[in-house]
Amino acid sequence: MHIFSSSKTIIMSTESIIRKAVNQAAQHLYAISIDEDTLQVQKTKKEFEGDVTIVMFPLAKQLRQSPAALAQAIGDYLQQNDEMISKFNVIQGFLNLSIAQDYWVETLHAIDAQPTFGLKLATENSPLVMIEYSSPNTNKPLHLGHIRNNLLGYSLAEIMKANGNRVVKTNIVNDRGIHICKSMLAWQKYGNGATPESTGIKGDHLVGDYYVKFDQEYKKQIQILIEKGIPEDQAKKEAPLMLEAQEMLRQWEANDPAIRHLWETMNQWVYAGFDITYKALGVNFDKIYYESKTYLTGKQQVEEGVAKGIFQKRPDTSVWADLTADGLDEKLLLRADGTSVYMTQDIGTAKLRYDDYPIDKMIYVVGNEQNYHFQVLSILLDKLGFKWGKDLVHFSYGMVELPEGKMKSREGTVVDADDLMDEMITTARQTSEELGKLDQCTPEEAASIVRKIGLAALKYFILKVDPRKNMTFNPKESVDFNGNTGPFIQYTYARILSVLRKASEANIQTAGSAPLTQPLSEKEISLIQLVNEFPATVAEAGNSYSPAIIANYAYELAKEYNQFYHDYSILKEENEALRAFRLELSRNSAKVLQSAMHLLGIEMPERM
RNA sequence: GGUCUCGUAGCUCAGCUGGAUAGAGCAACAGCCUUCUAAGCUGUGGGUCUUGGGUUCGAAUCCCAACGAGAUCACCA
């Protein structure tokens, strides 16, 4: 139909087209124009006939007419004057409009013509968004909490890209401090020269083992001191291991060659381990910063702040920021001995990043236990003159809890990232074998499929919940491949590809076929509608920083497709035009499913 | 105690810029494979949306209060 065939109209969302039409009707009938807020356009609920619903109550108020009468009048007008509206019905104050089938078919053609449908590509002039995520400590391996962080950060980066931003993914590695010295000291004392090579243990796990060892031995020493009658607080400070660790930190700061060498060696082990974990998870970074290289810059920034009168130096030479005017407390920035704190380092990192990139927006993916920290950081960066400081985004996500409660590394209730991924993949393999899905595959194909499925189950499980909320992860029950899960969506995709493969093998044409002569089913129309909602969904996910919106959309789409697939045959349809239409619909459903899952960092297998 | 989150089915979660009879999945039960992949589809049961007020034509959604859960208020990172 010509009225929607111009590319401009097609790109316009259905909602805005309807808005325009209703506004025109109102102008014609009542000589008024309706503002955005008054005109409520929404998807018609499943149990009513129609595609789009206009809520008449607000309008009725403004025009002092009954909602039903208004709806009837506007409905009549649209049906007569707008080719797009084929039917309407009025129920109470709701005007339900049915949109002509041709509009949906044209919409599908337009979608089909866009390989990157729903994704806004960035240009050289697009805003530059930097996303910091992961941010590990180099004294222990990554765990379930890090997995949520990494998945959210990576997905968020993809979503920002899809909304037309240039994105730099960055990682700030916390590679210095007393906690690192603890691992180093324990390794020195109890390690007997063990290396990842000599033990066959992954580097980050090896170092983590010595961090645990430190804690065990330290506790023993405290116990001994307490038995000697020393109060617990004092015992914690005076235990020989703690004193040695502190001495080691001093030597590190004084650039002691032997300590520095040990530090570098052990950090390299950890990085090699992290690399494996990151690769397995499918996340990566464009630029990595190390706190050992940023904290000195932070000190400089703070000193400059003192010189400018932004910060205050106290008689004991410690430096403070007075935030009482902002409704917060005073915040320490440098200790009296001149050493830096967490905040100092973040300021230094910010400075280095600003030097490296012309950042327009900075997003920190960090857990919600640090809300206060980022509130303060935002104010401090603003005071120091960083233009994005005031508007920095703290993407604050909730904790991952186990059914027994919080994870505690000291109590051994931490779910290790590597172990968890392995388990998911193993389970995926078992399930696939039980279902006989791998019978036709080479071992390499099987390994690839099983890896994609296992990771999808994990990633989707974590990403489908609202990032802000705390979530519960049950290691046993969360490994599910049915229902609202990643593998369900993958399966739908693999199914579609299978149909498309068969179509192509049979040389079935999907292009240039005759126009449809019969009415489409509700299922087919609603599937087009859902596919058509993808761009709006991507935009919404970008605005609200929420991968969960994408995940839930993908699930809805997969479910809708499966219903269609179940009710209608595609390849066996004898009407050529209808068959071509269904293939086109299938192809675009697959395309959008793939794009959506890509935004979540989930790979799709071509068969499973 | 101050500040900030959160409270929806037995469990895990959607819905929240106010709209029609509050939705999924899991678990339970009952159906559907000689037909394009049954990791699928269909159906049944399951709810005082924590409680009490307020705003309104209309509240799970907005406001206030109470109760409950969590986070934070470090010269730890």
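The shown structure was predicted, so the numbers you read here are calculated from the model rather than taken from an experiment. Atoms considered below: every heavy atom in the structure, side chains included; atoms not considered: hydrogens, waters and symmetry mates. Chain letters run A, B, ... following the sequence lines, proteins first and then strands; every chain starts at 1.
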- Lys NZ or Arg CZ of R176(A) over Y295(A) ring: under 6.0 Å, within 45°: yes
- Aromatic ring proximity F564(A)/Y561(A), centre distance under 6.0 Å: yes
- Message: Heavy atoms only, 4.0 Å cut-off, all strands: where does S569(A) land among base, sugar-phosphate and nothing?
- Response: base
- Message: Using a 4.0 Å heavy-atom cut-off to protein, can you give one letter per nucleotide of nucleotides 1-8 of chain B, 5' to 3': B if the base is in contact, S if only the sugar-phosphate is, - if neither?
- Response: -----SS-
- Task: Using a 4.0 Å heavy-atom cut-off across all strands, classify F488(A) as base, sugar-phosphate, or nothing.
- Result: sugar-phosphate
- Message: What contact category does F94(A) fall into here, base, sugar-phosphate, or nothing, at under 4.0 angstrom with non-hydrogen atoms?
- Response: base
- Task: Decide, applying a 5.5 Å centre-distance limit and a 30° plane-angle limit (both strict), whether F57(A) stacks on G19(B).
- Result: yes
- Task: Indicate, with a heavy-atom threshold strictly under 4.0 Å, whether D466(A) touches base, sugar-phosphate, or nothing.
- Result: sugar-phosphate
- For the side chain of T485(A) and the base of A39(B), is some donor closer than 3.5 Å to an acceptor across the two? no
- Base A20(B) to side chain N96(A), donor-acceptor N/O within 3.5 Å cut-off: yes
- Query: Under 4.0 Å between a Lys/Arg side-chain N and an Asp/Glu carboxylate O for K236(A) and E232(A)?
  - Reply: yes
- Message: Donor-acceptor pair, distance only, cut-off 3.5 Å: does the side chain of S504(A) make one with the backbone of L500(A)?
- Response: no
- Message: Salt bridge check, K313(A) against E303(A): does any charged N sit closer than 4.0 Å to a carboxylate O?
- Response: yes
- Message: Using a strict threshold of under 4.0 Å (side-chain N to carboxylate O), is an ion pair present between R335(A) and D337(A)?
- Response: no
- Task: Name the nucleic acid region contacted by M471(A), choosing base, sugar-phosphate or nothing; use a 4.0 angstrom heavy-atom cut-off, strictly under.
- Result: sugar-phosphate
- Query: So what stems show up for RNA chain B if we need 3 or more Watson-Crick or G-U pairs in a row, all under 3.5 Å?
  - Reply: B:1-7 with B:67-73, B:10-13 with B:23-26, B:28-32 with B:40-44, B:50-54 with B:62-66
- Ionic contact status for K219(A) with D215(A), cut-off 4.0 Å: yes
- Message: Classify Q92(A) by what it touches in the nucleic acid, base, sugar-phosphate, or nothing, heavy-atom distance under 4.0 Å.
- Response: nothing
- Within the structure shown, what part of the strands sits under 4.0 Å from N474(A) by heavy-atom distance: base, sugar-phosphate, or nothing? nothing
- Going by an N to O cut-off under 4.0 Å, is there a salt bridge joining R250(A) and E247(A)? yes
- Check every strand shown and say whether F473(A) touches a base, only sugar-phosphate, or nothing at a heavy-atom separation below 4.0 Å. nothing
- Task: Identify whether any heavy atom of V55(A) sits under 4.0 Å from a base atom; if not, whether one sits that close to sugar-phosphate; answer base, sugar-phosphate or nothing.
- Result: base
- Task: For C6(B) versus U50(B), give the span between their C1' atoms, rounded off to a whole number of Å.
- Result: 12 Å
- Please work out if D175(A) contacts a base, only the sugar-phosphate, or nothing of the nucleic acid, heavy-atom cut-off 4.0 Å. nothing
- Anti or syn - C64(B), cut at 90° from 0: anti
- Distance between C1' atoms of A28(B) and A69(B) (Å, rounded): 29 Å
- Comparing nearest nucleotides in RNA chain B, the 5'-proximal residue of the pair M399(A), K45(A) is K45(A)
- Query: Rounded to whole angstroms, how far apart are NZ on K523(A) and P on C41(B)?
  - Reply: 10 Å
- Can you tell me, in whole Å, how much space there is between the C1' of G7(B) and that of C49(B)? 10 Å
- Determine the contact category for F564(A): base if any of its heavy atoms lies under 4.0 Å from a base atom, sugar-phosphate if only primed atoms, P, OP1 or OP2 are that close, otherwise nothing. nothing
- Donor-acceptor pair (no angle test) under 3.5 Å: T492(A) side chain, A39(B) base: no
- Task: Have a look at Q490(A) and say if it touches a base, only the backbone sugar-phosphate, or nothing, with a 4.0 Å heavy-atom cut-off.
- Result: nothing
